[in-house]
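Here is the structure we will look at.
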Amino acid sequence: MSESRPPSAARVVVGVSGSPGSRTALGRAADEARRRGAELWPVLAWRPPGGDLSCRRSPAAAVLAEDWERLAGERLEAALRAVFGETGPGLPGRALVVRGVPGPVLVRTADRDTDLLVVGAGRRGLLHRGLWPSVGRHCLAHAGCPVLAVPPSPLESALAAVHRRNAWRLRLDTRHLQREFEAVPPDRGAPG
């Protein structure tokens, strides 16, 4: 990705983690950037394992922070390749790897009125919402620009169900899976 526009150009900032939901959001963000004539800014926020407090306590963690940041950059590049292939999105902009908590990092990055912040809506289960803070909810509550929350692909829940059945070594009913895949409209199955 390249920076070919002045800094005042409209931007579409998108949170990327490498998850299937974030790849769906990345594809939707590229579509929005093309439609608006805006720059695409994929952002991957990372934190050291155990958080910043544990990193400050251990001298070894400070040395490893450089490697963790490099690995985060590789994860962002892999997500971009997974969605756009080797050619890239074909849009101007910047890919950013930022150390910090994802929600606040995205809100700080999308700090202009003309920005659009795109996030994956994530899982909707009550248990999941209770145990893990939602990046999308944080962005919706704190962003000063419009926020687009992209729901997960319908195939994501079908694949998660297959994974659970496989983990418990339960027999897989392929007829049920076939019905699930046939129910998904062709344009909703893949990002981009």
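In this chain, residues are counted from 1 in sequence order. What you see is a predicted model, and the numbers here were worked out from it, not measured in a lab.
Residues P102 and A45 approach most closely at CA-CB, 3.5 Å, considering heavy atoms. The shortest heavy-atom contact between V16 and P42 is CG2-CB, 3.9 Å. Annotation for L91 and A30: closest pair CD1-O, 3.7 Å, computed over non-hydrogen atoms. Looking at every heavy atom in both residues, G103 comes nearest to C139 through O-SG, 4.0 Å. For A29 against V14, the heavy-atom pair with the smallest separation is CB-CB, 3.6 Å. Of all heavy-atom pairs spanning G120 and A25, the tightest one is N-CB, 3.8 Å.
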Derivation of the side-chain contact (heavy atoms from CB on, under 4.5 Å) call for L106 and L117
CA-CA 8 Å; L106 291 171; L117 178 56; 4.0 Å; yes
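Scanning for side chain to side chain contact (heavy atoms under 4.5 Å, CB included) contacts around L96 gives W41, V43, R94, V98, T109, with sequence neighbours left out. Remark: R35 engages E32 in a salt bridge (charged side-chain N to carboxylate O under 4.0 Å, His left out) (not counting sequence neighbours). Evaluation of the side chain to side chain contact (heavy atoms under 4.5 Å, CB included) rule for S17 yields S19, S22 as partners, not counting sequence neighbours. R47 meets the side chain to side chain contact (heavy atoms under 4.5 Å, CB included) test with V101; sequence neighbours excluded.
D31 contributes atom CG, which lies 10.0 Å from atom CG of L40 (distance to the nearest 0.5 angstrom). To the nearest 0.5 Å, atoms CG (L148) and CG (L140) are separated by 9.5 Å. We find the CD-CG distance between E39 and D115 to be 9.5 Å, quoted to the nearest 0.5 Å. To the nearest 0.5 Å, atom CZ of residue R99 and atom CH2 of residue W46 are 4.5 Å apart.
Residue-environment remark: CG (D113) stays at or below the threshold of 12 foreign heavy atoms within 6.0 Å.
H142 is not listed as a side-chain neighbour of P104, based on a closest heavy-atom distance of 4.5 Å or more. Side chains of V13 and L116 form no contact here, defined as non-hydrogen atoms less than 4.5 Å apart. Counting heavy atoms from C-beta on, the side chains of R11 and R112 come closer than 4.5 Å. V150 is listed as a side-chain neighbour of V118, based on a closest heavy-atom distance under 4.5 Å.
The side chain to side chain donor-acceptor pair (under 3.5 Å) analysis of residues 73-83, with sequence neighbours excluded, yields the pairs R70-E74.
Under the 4.5 Å side-chain heavy-atom criterion for grouping Ile, Leu, Val, Met, Phe, Trp and Tyr, V147 is not connected to V107 through any hydrophobic cluster.
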